[in-house]
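Structure first, commentary second.
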Number of protein chains: 4
Amino acid sequence: MTTKKEKKKPETANDKKRRTRLSPEIRRKQILEAALVEFSAQGFAATSISRIAQRVGISKANVYVHFSSKDEIFETLLRSLSSLGKTQGNWRQIEDAEDVPGFIDNLVDATYASFTPEALAILRLMISEGHRIPDVLAKWHEGNVSARAERQAIIDEQVAAGRMKRSPLTEHFQFAMTPFVYAGVAKLVFGDAATEEVERMKDTHRKLLHQLLEP
Amino acid sequence: MTTKKEKKKPETANDKKRRTRLSPEIRRKQILEAALVEFSAQGFAATSISRIAQRVGISKANVYVHFSSKDEIFETLLRSLSSLGKTQGNWRQIEDAEDVPGFIDNLVDATYASFTPEALAILRLMISEGHRIPDVLAKWHEGNVSARAERQAIIDEQVAAGRMKRSPLTEHFQFAMTPFVYAGVAKLVFGDAATEEVERMKDTHRKLLHQLLEP
Amino acid sequence: MTTKKEKKKPETANDKKRRTRLSPEIRRKQILEAALVEFSAQGFAATSISRIAQRVGISKANVYVHFSSKDEIFETLLRSLSSLGKTQGNWRQIEDAEDVPGFIDNLVDATYASFTPEALAILRLMISEGHRIPDVLAKWHEGNVSARAERQAIIDEQVAAGRMKRSPLTEHFQFAMTPFVYAGVAKLVFGDAATEEVERMKDTHRKLLHQLLEP
Amino acid sequence: MTTKKEKKKPETANDKKRRTRLSPEIRRKQILEAALVEFSAQGFAATSISRIAQRVGISKANVYVHFSSKDEIFETLLRSLSSLGKTQGNWRQIEDAEDVPGFIDNLVDATYASFTPEALAILRLMISEGHRIPDVLAKWHEGNVSARAERQAIIDEQVAAGRMKRSPLTEHFQFAMTPFVYAGVAKLVFGDAATEEVERMKDTHRKLLHQLLEP
DNA sequence: AATGAATGAGACTTCATTCAT
DNA sequence: GATGAATGAAGTCTCATTCAT
């Protein structure tokens, strides 16, 4: 404990209002985190800077030290999120599977496991507030497209190698991801009430993929 | 009795707003229609009564003659929409098909045809603002569940009659609807940019159903 | 101003909302009565035409058939009330007493008996909203002054006749009315909580008058 | 109707409103002061936050920085006022008089001197808007009751000491305060038009007290 | 960097009043 | 005379944003 300068003010010992000064990067990150929670819970318009500041534990005005407007927060947030590219990260591991059944299981497990609250929050934001940032949306779309293309390439390889059965599904593998979106939306809209259904969906999903893809 | 009372504003444009007087039912409907557009485009919080009134062509105050609050408009709207039960109506016709291939085509066509702007608006509202009205949401869920059960029953029948091939899909036919939701969300988020993809999805969807269901 | 347009519309007979058509005088009276209740309970600004109409059992618009504005209702009301001249009516009876003790008792009884809810309502209106109608107030003041002069004359007579003891009180008899106002205000402000105190005041009032006036 | 061509905006360039920043305590006090004036002049409902803000010289929104609602302003105001306990403060000095005539003179002078505009404003508020805050009213009542008891005790002492003549008035000394309320109400309702009458009342009041209390 | 005070713009809502039947 | 529908004006309150310390 280094003795700081004696404050002449009779301090009430554990005052909550401790002014803490953090580096801009950290504060920005804190604010974006709080913003994600709030925006995704209430939507853009219904979220107030006040709430975000409160969640971070700073003053409203301080938010404006780090961002110049609510819009900027939103945009920065979505821009950063969209680069996350949800499942992309896992995809490498998925294809590490040694055989097709393993690949399918990896795919299904990894995909359904990616329903983190944060991912759902992003999905909700994209659906309900995406229109605010068309360029981000466009970029996200692009990202999706290329990720899709990548996945398709892998599948094509497998088919060419005779390890997967050719079918309309292998021609258009993105189709295999659709139940995933369904599950996400179900969770989004119905919350816990959807859990059971999603479980069942996952099961059917897996079975059908096995049936369709395995030679 | 000849006083015609031609109100003539000599100069300037005749922006003399003639008061139009309509029955409450019509006005309410107009307001709800406008509200659907606005709510679904901007969300609840970002939609102002002003905008709704403007869209209808009436004064803000007049909105309050017919609804007692913004919340009431929203609730009335969603309550009325949720009873629409999207595709239910068409389902009867779908199963009228004489054979399974016809049934599948009917199903796919009818389903993708139900992407009216209004239906998409409802979907968006349910996703982004559903939390405001948990009971409506619950009722909607119930409705969905029973519609699903009905569809399942029909499928079961077909399977029992040996006209459809049994598979994980026939066991859990709701799974066959998931690409539909995907397509809806794609349209919701990406708008016209999704058209092509949706078309392709529909095609794959149809082909796979044929492959999976026909004996 | 209003163009008449006789419309002979076939009346749907058994409508619950029986439109009753009353003579203007009766309606006006009804409206004024309702207005007194509302104005005095909530004050001018907090009273809505709606409430008045509701109390009468007619539509808002109908109020405007009989009065041209809220202000007019208020003014008409206060004008009519101020002419009531509270105790004036009783005063004749009071002085009918044969002797001074009887006169005093009559005076006290009659005065305290005049605390009807209506009289209190008027008092409250004069205090809280009188400023809206200075001329009515002035007229009321005048009325009070002359009533006071009349009373004073009677007292002077009694004193001259040696039936009342001369004192500062007989010189300025209005002073004898002050406890009355006190009691009124107490009732106004504290409602039932003041009842006991007012009773006691009346008693003291009576005793002191006896002591001061009787020779 | 009133087409005034008063457009005062062109010149006078320095309407650059300098933001003045004050401590909450001071602002709150300013707001409460302004609120007292406005509420008592127009009543609660007819007073707008706008007017209060204008009187203070700040923006409407700033009022809400210091109070959370109009009701809160009102309540805070009345609560603070009711604790003022009008004449209580002076009472000690009044009884400091060395003899009964001096006491009476002190009493009358102090009491009538307490008709400050502020005191009248409070009285008006209690009469016209007291019902909004029953608990404050009740507390005020209590305060009055105990002040009254205190005064009565002093009188009783004097009577016991033979320095005051026993009479219904000394038994119930609050009665001696009633002309005071009358005077207050007269001032409230008739304003300056009541001045003369109040003067005369004070004179009679003094004379009668002398006559009644001095042995 | 941090914040409390301040504010303009705008949202919802109410209400006196008018219009047309 | 009576009324339901309609509206402009105004009121309370919120909020993103700025200012000054």
Side-chain angles (χ1 to χ4, degrees), chain A residues 17-24 26-27 45-53 58-71 73, chain B residues 17-24 26-27 45-51 53 58-71, chain C residues 1-9 17-24 27 45-53 58-71 73, chain D residues 17-24 26-27 45-51 53 58-71:
Chain A
K17 298 224 168 177
R18 211 70 202 91
R19 243 193 216 202
T20 43
R21 187 192 181 102
L22 295 183
S23 78
I26 296 181
R27 273 283 191 252
T47 294
S48 67
I49 296 288
S50 208
R51 284 187 69 111
I52 294 176
I58 60 178
S59 71
K60 254 190 318 184
N62 195 7
V63 173
Y64 283 88
V65 171
H66 300 282
F67 293 92
S68 70
S69 72
K70 190 180 171 185
D71 277 279
I73 297 176
Chain B
K17 289 246 173 162
R18 208 76 198 92
R19 256 188 205 194
T20 42
R21 184 195 171 94
L22 296 180
S23 77
I26 295 179
R27 271 285 189 254
T47 295
S48 68
I49 295 291
S50 217
R51 287 187 67 107
I58 59 178
S59 70
K60 258 187 307 183
N62 196 9
V63 173
Y64 284 90
V65 170
H66 300 283
F67 293 91
S68 69
S69 70
K70 191 180 170 185
D71 276 279
Chain C
M1 284 252 235
T2 48
T3 33
K4 307 206 318 184
K5 267 197 193 167
E6 278 294 74
K7 251 308 174 53
K8 299 281 158 110
K9 225 194 234 153
K17 296 224 167 174
R18 212 67 201 91
R19 252 190 210 201
T20 42
R21 186 191 182 104
L22 295 183
S23 79
R27 272 284 191 252
T47 294
S48 67
I49 295 289
S50 208
R51 285 188 69 110
I52 295 175
I58 61 178
S59 71
K60 253 191 317 184
N62 196 6
V63 173
Y64 284 88
V65 170
H66 300 283
F67 293 91
S68 70
S69 73
K70 191 180 172 186
D71 277 280
I73 297 176
Chain D
K17 284 259 174 171
R18 209 75 196 90
R19 256 189 204 194
T20 42
R21 185 195 170 94
L22 295 181
S23 78
I26 295 178
R27 272 285 190 254
T47 294
S48 68
I49 295 290
S50 219
R51 286 187 68 108
I58 59 178
S59 71
K60 259 188 305 185
N62 196 9
V63 173
Y64 284 91
V65 171
H66 300 283
F67 293 92
S68 68
S69 71
K70 191 180 169 185
D71 275 279

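Everything numeric in this text was worked out from a predicted model, so none of it was measured.
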Inset, instruction - Just call it for Pro24(D): base, sugar-phosphate, or nothing, with non-hydrogen atoms closer than 4.0 Å on any strand. - result: sugar-phosphate
Legend entry - Distance, rounded to the nearest Å, where Ile49(A) contributes CD1 and dT14(F) contributes P: 17 Å
Legend entry - Closest non-hydrogen atom pair between Thr47(D) and Lys70(D), with its separation: O-NZ, 2.8 Å
Inset, instruction - Whole angstrom is fine here: how far is it from CD1 in Ile58(B) over to C1' in dC19(E)? - result: 16 Å
Inset, instruction - Specify the closest pair of heavy atoms between Lys60(D) and Ser50(D), including all atoms of both residues, with the distance to one decimal. - result: CG-CA, 3.8 Å
Legend entry - Phosphate OP1/OP2 of dC15(E) contacted by Arg51(C) side-chain N/O (<4.0 Å): no
Legend entry - Residue met sooner reading DNA chain E from 5', once Ala61(D) and Val65(A) are mapped to nucleotides: Val65(A)
Legend entry - Side-chain donor/acceptor of Lys60(C) to base of dT17(E), under 3.5 Å: yes
Inset, instruction - Give the rounded distance in Å between these two atoms: CD1 of Ile26(D) and C1' of dG4(E). - result: 14 Å
Inset, instruction - Could you grab the distance from atom CG of Asn62(C) to atom CZ of Phe67(C), nearest 0.5 Å is fine? - result: 11.0 Å
Inset, instruction - Please figure out whether Ser50(C) or Thr20(D) has its closest DNA chain E nucleotide nearer the 5' end. - result: Thr20(D)
Inset, instruction - Provide, to the nearest angstrom, the distance between the OH atom belonging to Tyr64(C) and the P atom belonging to dT7(F). - result: 17 Å
Inset, instruction - Answer yes or no: side-chain N or O of Arg19(B) and base N or O of dT18(E) forming a donor-acceptor pair under 3.5 Å. - result: yes
Inset, instruction - Let me know the distance between CG of Asn62(A) and P of dC19(F), rounded to the nearest Å. - result: 17 Å
Inset, instruction - Specify the separation, in whole Å, of atom NE2 of His66(A) and atom C1' of dT3(E). - result: 12 Å
Inset, instruction - Measure the shortest side-chain to side-chain distance between Val65(A) and Arg27(A) over non-hydrogen atoms and say whether it is less than 4.5 angstrom. - result: no
Legend entry - Interatomic distance where CD1 belongs to Ile73(C) and P belongs to dT17(E) [whole Å]: 8 Å
Inset, instruction - Test for a donor-acceptor pair under 3.5 Å between the base of dG4(E) and the side chain of Arg21(D), counting only N and O atoms. - result: yes
Inset, instruction - Between dC15(E), dG8(F), dT3(F), spot the one nearest the side chain of Ser59(B), thanks. - result: dG8(F)
Inset, instruction - Quick one: look up who dA6(F) pairs with, Watson-Crick or G-U, both distances under 3.5 Å, and put none if it's unpaired. - result: dT17(E)
Inset, instruction - Give, for atom OG of Ser68(C) and atom NE2 of His66(C), the distance between the pair rounded to the nearest 0.5 Å. - result: 13.0 Å
Inset, instruction - Select base, sugar-phosphate, or nothing to describe what Ser69(A) touches, counting heavy atoms under 4.0 Å on all strands. - result: sugar-phosphate
Inset, instruction - Take the protein atom CZ of Arg27(A) and the nucleotide atom C1' of dT3(E), then report the distance between them rounded to whole Å. - result: 12 Å
